[in-house]
Chemist: 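The following block contains the structure, expressed as C-alpha cells.
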Number of protein chains: 2
Amino acid sequence: MAPLSSGKTRPVRLADIAKAAGVSHGTASNVFARPEIVREEVRERVKAAAEAMGYGGPDPKGRLLRAGKVNAIGVATAEPLSYFFNDPFARVMMASISQACDATGAGISLVSAANNEQLAWNIQSALVDGFIVFCIEGGSRLVELARERKLPFVALDLDSDDDDAVAAIGVDNIAGAGLAARHLTELGHRRFAVLALPCADAGFGPTTQAQVEKALYSGTRDRLRGYFAELSRVDIDVSKVPIYETVNDEESVWAGLDHIFAGAETPTAILAMSDRIALHALDWLRQHDITVPGDVSIVGFDGVPEGAVSKPPLTTIVQPIAEMGRLAVKAILENDGTFSRQSLPVDLVVRASSGPSPA
Amino acid sequence: MAPLSSGKTRPVRLADIAKAAGVSHGTASNVFARPEIVREEVRERVKAAAEAMGYGGPDPKGRLLRAGKVNAIGVATAEPLSYFFNDPFARVMMASISQACDATGAGISLVSAANNEQLAWNIQSALVDGFIVFCIEGGSRLVELARERKLPFVALDLDSDDDDAVAAIGVDNIAGAGLAARHLTELGHRRFAVLALPCADAGFGPTTQAQVEKALYSGTRDRLRGYFAELSRVDIDVSKVPIYETVNDEESVWAGLDHIFAGAETPTAILAMSDRIALHALDWLRQHDITVPGDVSIVGFDGVPEGAVSKPPLTTIVQPIAEMGRLAVKAILENDGTFSRQSLPVDLVVRASSGPSPA
DNA sequence: TGCTGGTTTTGAATCGATCCAATCATGTGG
DNA sequence: CCACATGATTGGATCGATTCAAAACCAGCA
C-alpha cells in the first residue's frame, strides 16, 4: 500500500529492464538495436530481464522521435475510409501503391474523414513521411491541409490546376478523351451524348458546354474539351450534343440516360467520363433492351478491371494506374524537392462495347 | 559561412517560433492546443511568427510520445499489402473495419510483408494502439509477433485454436458447414465433392478426411467436420466423398475440378469452403458445359458481394463480416482486458447455384 | 500600501527511445 | 612493464512536443 509501489502498472520501459539487468540504458538499447556489439553474456542477461518483466521490445513511439522518419506514407481522401476498399478506381490505385510500398518496406496509413473538423485533425496528426492525396471531389481543401503540414506530398489526378506549385500526377485527359471520340467517329457515329463526371460539388442534371468550361474540376473540363475538339474536327455540331452531369453513381447515371433517351433524336454513341458511369449505363441499356454495340456504342474512361469482364466488355481509355501509384510512392519516398507535376499518357483499349454506327 | 548559420535548413520547431515570438514554449504550445486560454494579442503574435517561419503546426511525432496514444489501429497480414485491396473477403472486412474506425475517428495502418524478417520488423515498429490480425495462412507466426508487442490485439478467423489465450473473432464453422450440407441433402443430393481451403502451407491436390483432421488451419478442419457430420446424418458414406485441397485460386480450383470430374461417378453437389473457390468453380463448370444448378449444385462460404452478381448467383453461407469488423475495432479501442474469443453465427443464403438433384 | 482573487505566463519535468563522445577493460607487441 | 590498439560500456544530450505547479501580473478594494 505504499503510495508509489501500488496502483496501476505502468508499461515497462527500456530503462526499467536496464536497471534490472544492471546495465546502462545505452547498453540495453544496443541489445535490441545492434545485438552484435554487446558481449554475449550481457546480452543474455538483458534479454532475460526483458522477458521476465514482460517488456514488449523498444517502443516505436520513442524511437520515432529520435529517428525522425516514420517509414510510412499517408493516403488521404475526403471520402470515408471505406472508399479505398469499395471504389474500383481507388482499389486498383491502392493496390499499385501498396505494391510500391511493399517493395520499399514502407507502410501505409489511411487518412480520411467525412466531416471537416475531423478531417483537418486527421491530416494534422497523421504519423507519416508524406501524403498521397486522392483528389476526387473537394480536393482543394485536402491539398491545402496536406500542404500545411510541410511534408512531401503528391496529388493524384491533376484536379485543381489553378495552382502550379502542387506536385501532382495525372493523365492527359484531353488526349484521352480525344482518343475515345475519334474511335467512335471512325466507326461512323454522328449522334453523340456525354455522361459527365461532376463539375462541382453541386449535384447532377443536364448541363452545357459553357457550364463545364467553368467547372471546378479540371478533369471533367478537360475530358469534355477532348471529346468536343475531336467531334468538331469531323464537323459534328457539338452545341447539339447533350451533356449530363452525374455524380458517378447508379442513380444519377440512370437519370441521365432517362433524360438523354427521352429526346427525339437518340444518340448512337455515348461518351462516359468514367468506367463506373459506363458500367452503370450498360445496366440501364440492357434493361431498356437497347443492344450494345448494336444500337448504341459506349466508351468509358479509367480502365478498371471490372470493365474487362462486363457484358459486353467495355471499350475504354485506360490510365496507367499502376505506373501512377509507383510514381507517387517514389515521389514521396525519394523526395528531393524537384518533383512537380507529371502527366502520363493513356491508351485506347477496344473491347466489345463499341461498334459501327447502326445507320 | 559561419559554421552554424550555414548548412541545410533544419525544420522549424515549436521552440523556434516561441523564441521568435518572445514567449515560452509552454505558451506557444497552448496557442495551438488550447488557443482560448492565451491572450489574443499574444496568440496573434505567435501565429504570425509561425506563419513567417513556415512552421507546419505541432509535429505529431513529438506529441505522440507525450500523449501515449497513436489513435490508429494496425491491420496485419502475412500476405502482401495489396491483398487488402484485391481479395474479396479482405475487402469487405476492411470496409467494415474502416467504417468502425471512421465512426470513432481512429486511423488505419496497413502492416504486412511477404518475407519474414521484414514482417517481424514491420510489426515491431508499427505505430498503432493495437492490432487486428488477418489469420489466413501462416497466421500463427503473425499472432506470435503481434502478441510480443504487448498491445491489444484480436485475431480474425479463429485459426489457431491450440491457444486459448489469444483474443479472436470468428464464426461457427462447423454449424455453417452443416447448414450448407443440409441444404443440399434436403434438395435430394447424394453424390458430393468438397473443394477445400488449404490445410497447411503445403500446396494443393487431392486429400483425405484423415489428412484434413490433422490440418494446421482449424477453419478448414471445422468446415469439413461440419459437412461430414451432416452427410453422415443422412447415411452418406463420407469416406467416398472426394476432397480436393485448393489454395483458393483459379489454378488449384480448376485442377481440383479436373480431378473430381475425371472419376466415373461424378458429383451432383459441390461443397466449396470459400466463395472465391465457388466462383472459380462456376467458371470451370460453365466452360465445361455443365449447367448450374441443372447438372450440379454448388454452395460457397463467406458471403462476399461478388457471389450475389455471379452467373448464377451463388448460394452460400454468409458470415457477418460487418459485425466482425465492428467488434474487432471495438475490442481494440475499448480494450479492457476482458475480451477473449467470440464466435458469431452464420446464415444460409439460398440463391440460384443450388437446386434439386438431377437424378 | 497591502491584500485578495483571477487570469496569464513560465519553465522544469516528462514521454521512450537512440546516438555518440568519453571512459573503462582487455590483450598484444616492444 | 609500458604504450597502444581494440572492444565493450556508460551516461549525458537529443528528438519535439505537452503538462502542470508555481510565479507573475493585474485590477479592485480596504
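The analysis underlying the following values was restricted to heavy atoms, covering all of them including side chains, and did not include hydrogens, waters or symmetry mates. So you know, we letter chains A, B, ... as the sequences are listed, proteins then strands, and number each from 1.
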Chemist: Quick check: closest heavy atoms across A/Ile321 and A/Val92, and the distance to 0.1 Å?
Modeler: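 Smallest heavy-atom distance, with atoms named: CG2-CG1, 3.7 Å.
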Chemist: Answer with yes or no whether B/Arg39 presents, from its side chain, a donor or acceptor under 3.5 Å of a partner atom in the base of C/dT8.
Modeler: no
Chemist: Does A/Tyr55 place a side-chain N or O at less than 4.0 Å from the phosphate oxygens OP1/OP2 of C/dA17?
Modeler: yes
Chemist: What are the two closest non-hydrogen atoms of B/Ser98 and A/Ser82, and how far apart are they?
Modeler: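 Reported closest heavy-atom pair: OG-CA, 3.4 Å.
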Chemist: Counting only distance, no hydrogens or angles, is the base of C/dT18 paired donor-acceptor with the side chain of A/Arg63 under 3.5 Å?
Modeler: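 In this structure, the two groups form no donor-acceptor pair.
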Chemist: I need the CG-P distance between A/Leu65 and C/dC15, as an integer number of Å.
Modeler: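 Roughly 14 Å, once rounded to whole Å.
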Chemist: With sugar-phosphate meaning primed atoms plus P, OP1 and OP2, does A/Arg34 contact a base, only sugar-phosphate, or nothing at under 4.0 Å between heavy atoms?
Modeler: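 Sugar-phosphate contact only - A/Arg34 comes under 4.0 Å of backbone atoms but never of a base.
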Chemist: Please state whether the phosphate of C/dT18, meaning OP1 or OP2, lies under 4.0 angstrom from any side-chain nitrogen or oxygen of A/Ser29.
Modeler: yes
Chemist: Using atom CG of A/Leu64 as one end and atom C1' of D/dA17 as the other, report the distance to the nearest whole Å.
Modeler: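 Roughly 12 Å, once rounded to whole Å.
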Chemist: When you check the phosphate oxygens OP1 and OP2 of C/dT9, does a side-chain N or O of B/Thr27 lie under 4.0 Å from one of them?
Modeler: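 For C/dT9, neither OP1 nor OP2 has a side-chain N or O of B/Thr27 closer than 4.0 Å.
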Chemist: So does B/Arg13 get a side-chain nitrogen or oxygen closer than 4.0 Å to the phosphate oxygens (OP1/OP2) of D/dG16?
Modeler: yes
Chemist: 5'-most contact on DNA chain D: A/Ile37 or A/His25, nearest heavy atom basis?
Modeler: A/Ile37
Chemist: I need the minimum non-hydrogen distance between B/Leu127 and B/Ser109, along with the two atoms involved.
Modeler: O-OG, 4.4 Å
Chemist: Quickly work out the B/Asn71 CG to D/dA17 C1' distance and round it to whole Å.
Modeler: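 Going from CG in B/Asn71 over to C1' in D/dA17 covers 17 Å.
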Chemist: Just the rounded figure in Å: distance from P of C/dT9 to NZ of B/Lys19.
Modeler: 20 Å
Chemist: A/Val329 and side-chain contact (heavy atoms from CB on, under 4.5 Å): which single residue from A/Ile132, A/Asp102, A/Ile108, A/Val75 fits?
Modeler: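 Only match with A/Val329 under side-chain contact (heavy atoms from CB on, under 4.5 Å): A/Ile132.
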Chemist: Atom CD of A/Glu36 and atom C1' of D/dA8: how far apart are they, to the nearest Å?
Modeler: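 One finds 13 Å between C1' of D/dA8 and CD of A/Glu36, rounded.
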Chemist: Name the closest nucleotide to the B/Asp59 side chain, picking from D/dG16, D/dC15, C/dT9.
Modeler: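 Nearest to the side-chain atoms of B/Asp59, counting from C-beta on, is D/dG16.
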Chemist: From the set D/dT19, D/dT10, C/dT18, return the single nucleotide nearest to any side-chain atom of A/Ser24.
Modeler: D/dT10
Chemist: Let me know the distance between CG of A/Asp16 and C1' of C/dC15, rounded to the nearest Å.
Modeler: 13 Å
Chemist: Write down the distance between CG (B/Leu14) and C1' (C/dG11), rounded to a whole number of angstrom.
Modeler: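 That distance rounds to 14 Å.
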Chemist: Please find out if less than 6.0 Å separates the ring center of A/Phe84 from that of B/Phe84.
Modeler: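 No, they do not, as the ring centres are separated by 6.0 Å or more.
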Chemist: Could you state the atom-to-atom distance from CZ of B/Phe32 to P of D/dA17 in whole Å?
Modeler: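 Atom-to-atom, B/Phe32 to D/dA17, this comes out as 9 Å.
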